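These notes concern the structure reproduced below.
For reference, positions follow the sequence shown, starting with 1. What's counted below: heavy atoms across the whole structure, side chains too, no hydrogens, waters or symmetry copies. Values in this document were obtained by computation on a predicted structure and should not be read as measured data.
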Amino acid sequence: MDGPKQSAGAATLLPDDALVEILSRLPAKSICRFKCVSRSWRDLIADRLRCTNLPQTLEGFFFDGDEGGDSGGDDDDAPVVYGHFINTLGKPAPLASYSFLGNVPGIQEFGLLRSCNGLLLFSHKRVGDTYNSLGYIVCNPATEQWVAVPSSLAPTPTTKLDVHAYSSETRLWRDGDWTPGHGISFFAGAAFVNGMLHLSATSFVRCQADQELIVAVDGEGKKCRIMHGPEKHADVAFVGQSQGRLHFMNQHSDNAELSIWVLEDYDAREWVLKHSVAFLQLFGRMSCRVHSDYSVIAIHPDRNLIFFLQHWGLELKSYDMDSQEVCTLCTVGAGRQNIVPYVPYFAESPALASKH
């Protein structure tokens, strides 16, 4: 058998097309490790345009809980990072983990909050922290890079609802340009489209109280535009991105069906009804209430596929808008706190400097 240097040298002679074909059949963690084989392998894997066959679509879902998972390190004082991965690609083993965060010194507790473009956001508590001093951790499970982000809250007993933006360059928070009278619906998801983050918002202005709103915020936390949702007198279920377009889901007061809208023309703000499905078909009930009976977890970035959490029984379900097929993927079990979609991103980032 050839030595390590000879094997690595032979591997670098593989044509790029053959290499991409091989890498496309491997789990995310293995792909990340193979960036160490050679500089050409590292550049090829990091180049998302050339590696379109690599698994950079939805691989599954992370959720945290109170049982299972891995602890980081052998230190009894180290936090236990409970992480579970729901695999949607049909491969036999979990493809990613954030258990390496258990090695972060001084951290007492973690809480999984959100995900976006391959990054996970956690709240964290250090020994001796109070509520107002809680911080955050942003990590990339594919590269095992992470960075700690300080709390944006002032260490006072009370704080007002406000919007802040954190700069990874200056490592400082700044106040966002946010007009009073609008509140964010954090349980309705978010979507990054056209270089801006889109959030569902509620107006506290009486004449707009029944109007669905979407706020688009740029990378500096400035409010760039407010657009109306597709309908009045409806409850917002989810805001997401699929196939490059902004999607919006809502249900009417009869609680009988879910409507899926797509913003076909972003500049003209033209909403088109893409699909409707009855809750009787989705959940076997005539009516359901969003955030009480069910939650929309994600919309597939490349397919007409929606994922739900059915709150009774804690079942994760999928619905295919093309085939109108409902599938039960798994039961997440008691202690489930949050479920976030995961699309791996293999390139290392200078903003995530720490690595174990």
Side-chain angles (χ1 to χ4, degrees), residues 58 61-65 86 110-117 119-123 131 134 136 152-153 159-164 176 178 181-193 196-204 208-217 223 226-242 246-253 255 257-261 277 279 282-283 285 287-300 306-319 332 334-342:
L58 182 70
F61 299 87
F62 280 113
F63 72 97
D64 54 10
I86 302 169
F110 285 94
L112 179 61
L113 296 178
R114 294 295 180 92
S115 66
C116 182
N117 294 341
L119 304 180
L120 302 182
L121 174 66
F122 295 84
S123 63
Y131 173 78
L134 297 181
Y136 305 95
S152 63
L153 300 176
T159 184
K160 68 176 181 178
L161 179 64
D162 207 346
V163 175
H164 304 274
W178 197 259
H182 295 94
I184 298 299
S185 304
F186 289 102
F187 295 104
F192 195 76
V193 180
M196 292 188 289
L197 182 65
H198 295 74
L199 303 160
S200 173
T202 300
S203 176
F204 300 129
Q208 297 179 342
D210 60 351
Q211 179 66 59
E212 300 168 336
L213 299 174
I214 295 177
V215 176
V217 186
K223 186 174 58 177
I226 294 180
M227 64 181 74
H228 293 292
E231 294 183 296
K232 291 185 177 181
H233 309 293
D235 293 328
V236 179
F238 189 74
V239 176
Q241 182 274 139
S242 179
L246 185 66
H247 283 65
F248 190 93
M249 305 181 202
N250 60 13
Q251 66 176 61
H252 290 277
S253 57
N255 301 323
E257 69 177 14
L258 184 75
S259 298
I260 299 97
W261 302 81
V277 57
F279 290 127
L282 284 176
F283 305 118
R285 292 187 176 182
S287 66
C288 291
R289 294 192 62 85
V290 64
H291 310 314
S292 177
D293 297 318
Y294 77 96
S295 297
V296 181
I297 301 300
I299 183 170
H300 199 285
I306 309 171
F307 298 89
F308 306 86
L309 178 66
Q310 178 180 293
H311 289 184
W312 69 92
L314 293 175
E315 292 180 339
L316 183 66
K317 294 176 175 285
S318 67
Y319 174 71
V332 299
R336 190 276 318 170
Q337 297 181 17
N338 204 3
I339 300 177
V340 300
Y342 177 59

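Inter-residue side-chain proximity for Gln241 and Leu246 is flagged as unmet; no heavy-atom pair is nearer than 4.5 Å. Looking at heavy atoms from C-beta onward, Ile214 lies out of side-chain contact with Ile226 at the 4.5 angstrom threshold.
Aromatic rings of Phe61 and Phe307 (six-membered ring for Trp) have centroids within the 6.0 Å cut-off, being under it.
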- Task: Could you give me the CA-CA distance, side-chain angles and deciding distance for Val239 and Leu199, then say whether side-chain contact (heavy atoms from CB on, under 4.5 Å) is met?
- Result: CA-CA 7 Å; Val239 176; Leu199 303 160; over 6 Å; no
- Task: Take His311 and Ser295 through the side-chain contact (heavy atoms from CB on, under 4.5 Å) test and state the conclusion after the steps.
- Result: CA-CA 8 Å; His311 289 184; Ser295 297; 2.9 Å; yes
- Task: Dump the intermediate steps for side-chain contact (heavy atoms from CB on, under 4.5 Å) on Asp293 and Arg285, then the final yes or no.
- Result: CA-CA 10 Å; Asp293 297 318; Arg285 292 187 176 182; 4.2 Å; yes
- Message: For a side-chain contact (heavy atoms from CB on, under 4.5 Å) check, start with the C-alpha distance between Asp235 and Arg289, then their side-chain angles and the critical distance, and finish with the verdict.
- Response: CA-CA 9 Å; Asp235 293 328; Arg289 294 192 62 85; 4.2 Å; yes
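Taking SG of Cys116 as the reference point, atom CG of Leu121 lies at 10.0 Å (rounded to 0.5 Å). One finds the OH atom of Tyr342 at 9.0 Å from the CG atom of Leu119 (value rounded to the nearest 0.5 Å). Between atom CZ of residue Phe63 and atom CG of residue Leu112 there is a gap of 10.5 Å, rounded to the nearest 0.5 Å. Summarising the geometry, atom CZ belonging to Arg114 is positioned 7.5 Å from atom CG belonging to Asn338; distances are rounded to the nearest 0.5 Å. Note: Leu213 CG to Met227 CE = 10.5 Å, rounded to the nearest 0.5 Å. For the atom pair Phe248 CZ and Ile260 CD1, the distance stands at 12.0 Å (nearest 0.5 Å).
Qualifying side-chain hydrogen bond (donor to acceptor under 3.5 Å, both in side chains) partners for Gln251, counting only residues two or more places apart in sequence or in other chains: Asn255, Tyr294. When the side chain to side chain contact (heavy atoms under 4.5 Å, CB included) test is applied to Leu282, the partners found at least two apart in sequence or on another chain are Val277, Phe279, Phe308, Tyr319, Val326. His252 pairs by the side-chain hydrogen bond (donor to acceptor under 3.5 Å, both in side chains) definition with Glu231, not counting sequence neighbours.
The nearest pair of heavy atoms linking Pro230 to Glu212 is CD-OE1, 3.5 Å.
In this structure a side-chain-to-backbone donor-acceptor pair under 3.5 Å is missing from Ser200 to Ala188.
Results of the side-chain contact (heavy atoms from CB on, under 4.5 Å) test with Met249 over Val290, Val236, Leu258 single out Leu258 as the only residue that passes.
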